[in-house]
Amino acid sequence: MKHGAILITGGAGYIGSHVALQLRARAERVVALDDLSRGFRQAVLDVPLVVGNVGDRDTVRAALDAHGVDTVMHFAACTVVPESVGDPLKYYLNNTCATRSLLQCCLEGEVRHFVFSSTAAVYGIPAAGVAAEDTPTSPINPYGSSKLMSEWMLAAVAEASPLRYVSLRYFNVAGSDSGGRIGQATPNATLLIKVACEAAVGKRAEVAIFGTDYPTPDGTGVRDYIHVEDLAAAHLDALQYLRAGGGSTTLNVGYGHGYSVRQVLASVERVSGKPLKVREEPRRPGDPPALVARAERIRRELRWKPRLNDLDTIVRTGLAWEERLLRNPW
Ligand code: UD1
């Protein structure tokens, strides 16, 4: 059966561009939509790019029709937790309202499959810091609630129409393309591994540890860090699952084990061979102490097989990318 094209919203962003790269490697027809507010034109490589906002219905409808899209993968979003605490309406507009608009276009354009970029932040502070898909959702920041509201809309739309979806709740995504072609280029990055790699290559003077008094083994925050290429592969598995007739589902994407901030910094020092200058700071607003996935379901339902499940490997690709950005900035 001939499949339609895949629209990747946020296709010039960090995760969307890695998914586009893998889809192109499988000879899928792909079109990226990105307003380039946070994405980079360089990141889409040879994928056709429509420059526009995912909340703009005319642009989205035109892209769906022009490219014969039957699958949408929706990455376009604001993703910085502390920013969402300070400016919640930005998050409800760009994440929740924009997803509503996109879903309306999908219904009008008879899109059949939808893969949604959700987040572990929907769980808030789960008991013992571990979350399975049926752990009650209880976000503690507007970023998490803006994504959870989108999950709810998507589920209701799927009940009321033939559209089927996979919502992927990402844990902490890090690293970059092992071929060195693309990576995360966000200015003023806030994600720990990116920040620590920037410090290791001399782009920042030091790294702050936000909180050393958490109830975790070494007092610093614990997260389930997952390589962006394994995460991207989960989207291809989701596509295959939906094409094979799989029912709508919501799945964690994580490795199922966590590392503390101090363990991450030790890995960056080990891989780079250089000590980092570290500053201890108070807790950051909106941060849970620990957040680790129960991650069996995605392996079972999508047959997802992670290949880069190793902290030093994640850090190595992150460092290589920062070195490349120093030589050749985006
Ligand atoms: C959050 C979201 C995640 C989202 C991501 C995107 C939660 C629980 N998770 O990840 O779903 O995809 O943002 O932005 O809301 N840290 C430092 N120093 C730094 C940076 C971070 O100590 O300079 C610490 C944080 O306090 C945290 C850990 O490192 O304990 C990871 O933080 P970060 O990389 O920013 O990701 P999350 O906030 O966990």
Side-chain angles (χ1 to χ4, degrees), residues 10 13-16 38 75-88 90-91 94-95 116-126 129-131 135 137-148 150-151 167-175 184 186 188-200 203-228 231 252-254 258-268 276-293 311 314-315 318:
Y14 172 44
I15 300 171
R38 286 169 299 279
F75 301 93
C78 292
T79 60
V80 180
V81 172
E83 183 190 50
S84 81
V85 176
D87 190 356
K90 178 173 178 183
Y91 280 70
N94 290 340
N95 296 356
F116 179 56
S117 166
S118 189
T119 170
V122 300
Y123 294 116
I125 306 182
V130 178
T135 296
T137 49
S138 182
I140 57 166
N141 50 58
Y143 169 63
S145 6
S146 71
K147 287 279 187 172
L148 183 57
S150 302
E151 279 195 14
S167 276
L168 296 175
R169 292 177 175 167
Y170 310 159
F171 283 66
N172 285 63
V173 187
Q184 193 184 20
T186 329
N188 310 316
T190 59
L191 295 182
L192 177 65
I193 292 187
K194 166 100 180 150
V195 166
C197 290
E198 286 182 350
K203 210 166 152 185
R204 292 179 188 247
E206 56 186 13
V207 185
I209 300 184
F210 297 133
T212 52
D213 58 348
Y214 282 112
T216 56
D218 68 13
T220 67
V222 170
R223 298 287 187 275
D224 189 337
Y225 294 94
I226 165 179
H227 196 287
V228 66
L231 174 72
N252 286 344
V253 198
Y259 292 101
S260 71
V261 174
R262 289 194 200 283
Q263 286 176 309
V264 168
L265 300 184
S267 167
V268 173
L276 289 170
K277 190 159 173 247
V278 170
R279 193 180 67 243
E280 296 188 359
E281 292 215 351
R283 295 180 182 195
R284 191 174 64 175
D287 272 355
L291 195 51
V292 174
L311 183 59
I314 296 176
V315 165

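Whatever order the structure lists ligands and atoms in, that order sets their numbers, starting from 1. Side chains are part of it too, since the values below use all heavy atoms of this structure and drop only hydrogens, waters and symmetry mates.
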Which heavy atom of the protein is the closest neighbour of [atom], given with residue, atom name and distance?
atom                    : answer
atom 13 (O) of ligand 1 : V81 CG2, 3.6 Å
atom 20 (C) of ligand 1 : T190 O, 3.3 Å
atom 14 (O) of ligand 1 : T79 O, 2.3 Å
atom 9 (N) of ligand 1  : A121 CB, 4.2 Å
atom 19 (C) of ligand 1 : F210 CE1, 3.4 Å
atom 4 (C) of ligand 1  : Y143 CE2, 3.6 Å
atom 39 (O) of ligand 1 : R223 NE, 2.6 Å
atom 31 (C) of ligand 1 : Y225 OH, 3.5 Å

Does any non-hydrogen side-chain atom of Y143 lie less than 4.5 Å from one of T79? yes

Taking side-chain contact (heavy atoms from CB on, under 4.5 Å) as the criterion, tell me which of N141, V85, V80, V81 meets it with Y91. V80

Quick one: does ligand 1 sit under 4.0 Å from the side chain of [X], the backbone, both or neither, non-hydrogen atoms only?
X    : value
V261 : side chain
A196 : neither
N172 : side chain
L191 : both
V264 : neither

Apply the test side chain to side chain contact (heavy atoms under 4.5 Å, CB included) to residues T212 and R262: give CA-CA distance (whole Å), side-chain angles for both, the deciding distance (0.1 Å), then the verdict. CA-CA 9 Å; T212 52; R262 289 194 200 283; 3.5 Å; yes

Heavy-atom contact check, 4.0 Å cutoff: does G144 meet ligand 1? no

Atom indices of ligand 1, in the order listed, that fall short of 4.0 Å to a heavy atom of P288: 8 (C)

With a 4.0 Å cut-off, would you call E151 and K147 a salt bridge? no

